[in-house]
Amino acid sequence: MHLCHTVRTMNTLNRRSFLAVSSTGLLTLPAFSMPHLLGQPLKDPGTAGDNHRGPCVIASGNGLAATDKAMSLINKGMDPVDAVVAGVSLVEDDPNDMSVGFGGLPNERGVVQLDSSVMHGPTHKAGAVGALEDIRSAARVALDVLKKTDHVMIVGQGARDFALAQGFEPQNMLTDKARQAWLRWKANLSPNDDWLDDIQRDIKDPAGDLSLASTIPFTWGTINCSGLDSNGNLASVTTTSGLSYKIPGRVGDSPIVGAGMFCDNDIGAAGATGRGEAVIQNCGAFSVVQHMASGKSPTEACLAVLKRIASRTRQKRLLNARGQPNFNVMLYALRKDGAFGAAAMRGKRTFAVHDGKQNTLHTAPSLY
Ligand code: GLY
């Protein structure tokens, strides 16, 4: 339904009949209605996603397979929380995605440690794991925390033990490609340690040119995926191998409920990728959902949180010559009525959307 038409229709409705009060006392929206919470009218930012209505799955740019899978499962009647986890599990299984699951880049000791969180709109339950080792799908383990325990977050050895108890198979998560990248990173750390880089080596290694290391950036690669079914029920999941070559035990935003993802079944769902420290310090995903609750469109909500992150970035080493953050964060938002949007801190970035008809990459607006 077009935005203008919806607004006109709403004006003819009695406001009390439009907004129902749920058993929790919160305002609730009928499925696919316009959020008009706190009395603020919506602004039309003019993007297609902000005007979409109906079932929808949104993910980060590496998530086209995930949105496709999740939408096909939602169409078959699967709960969105199971559908989005099944979607991101495809990416976790893909050794060519070096930012998530199997094949993810390891920590500074060469150990892959995974973070994930998941949230189910209808029950408002969340599950999360941090610094999980030897298990392929952190998202599935996080979903087991959500479904099978009264806890929200399990980390480290406890998360591994929990996963093994649930029947997950332990395996070496470090692929040959990720191991080579880690070795190149180590060899290029300093010319003064005992790891020889390509220039220092007397005998070249046929396995690879270590000078390539300078072209391997630190990555915060991650996948977030949020889904909405035709009953207006939402779910969101984020999963990652985290910052490459991190200090062992470092946990980013992905397993932090309210930072790496958040879902409120009365309002919408949101998620984040990029520099997790900045997202945690600004309660990224929760803030996006709150902005949608106050009437911002999904795109506007993402941009508002990015502005906040930028204005709260005060360390010189994180700013460029223009005083802008020199790192990227991307935020993704899906409102209860099916409107969606995303935004990036820097540059041209894509995100994946299945809008019920087609599964495509969209380009997000950016702050800088
Ligand atoms: N956003 C992923 C991380 O910082 O670990």
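As the structure lists them, so they are numbered: ligands from 1, and atoms in each ligand from 1. Side chains are part of it too, since the values below use all heavy atoms of this structure and drop only hydrogens, waters and symmetry mates.
Atom numbering of ligand 1 starts at 1 in the shown order; those under 4.0 Å from a heavy atom of T222 are 1 (N), 2 (C). Applying the 4.0 Å criterion to heavy atoms of G242 picks out, from ligand 1, the atoms 5 (O).
No more than 12 heavy atoms of other residues, nucleotides or ligands shown are found within 6.0 angstrom of CZ on R109. In this structure, R349 places its CZ atom where only 12 or fewer heavy-atom neighbours from other residues, nucleotides or ligands lie under 6.0 Å away.
Checked by distance only, ligand 1 and G274 come closer than 3.5 Å through their nitrogen or oxygen atoms. When only interatomic distances are considered, the shortest N/O to N/O separation between D253 and ligand 1 falls below 3.5 Å.
When hydrophobic side chains of Ile, Leu, Val, Met, Phe, Trp and Tyr are connected at separations under 4.5 Å, V88 ends up clustered with V81, V84, V85, V91, V100, V118, L143, L146, I223, V237.
Ligand 1 has R250 within reach: a non-hydrogen atom of the residue lies less than 4.0 Å from it.
With sequence neighbours left out, D144 forms a salt bridge (charged side-chain N to carboxylate O under 4.0 Å, His left out) with K148.
Using cut-offs of 30° and 60° on the angle between ring planes, the pair F286 and F262 is perpendicular.
Residue L243 touches ligand 1 through its backbone alone, judged by heavy-atom distances below 4.0 Å.
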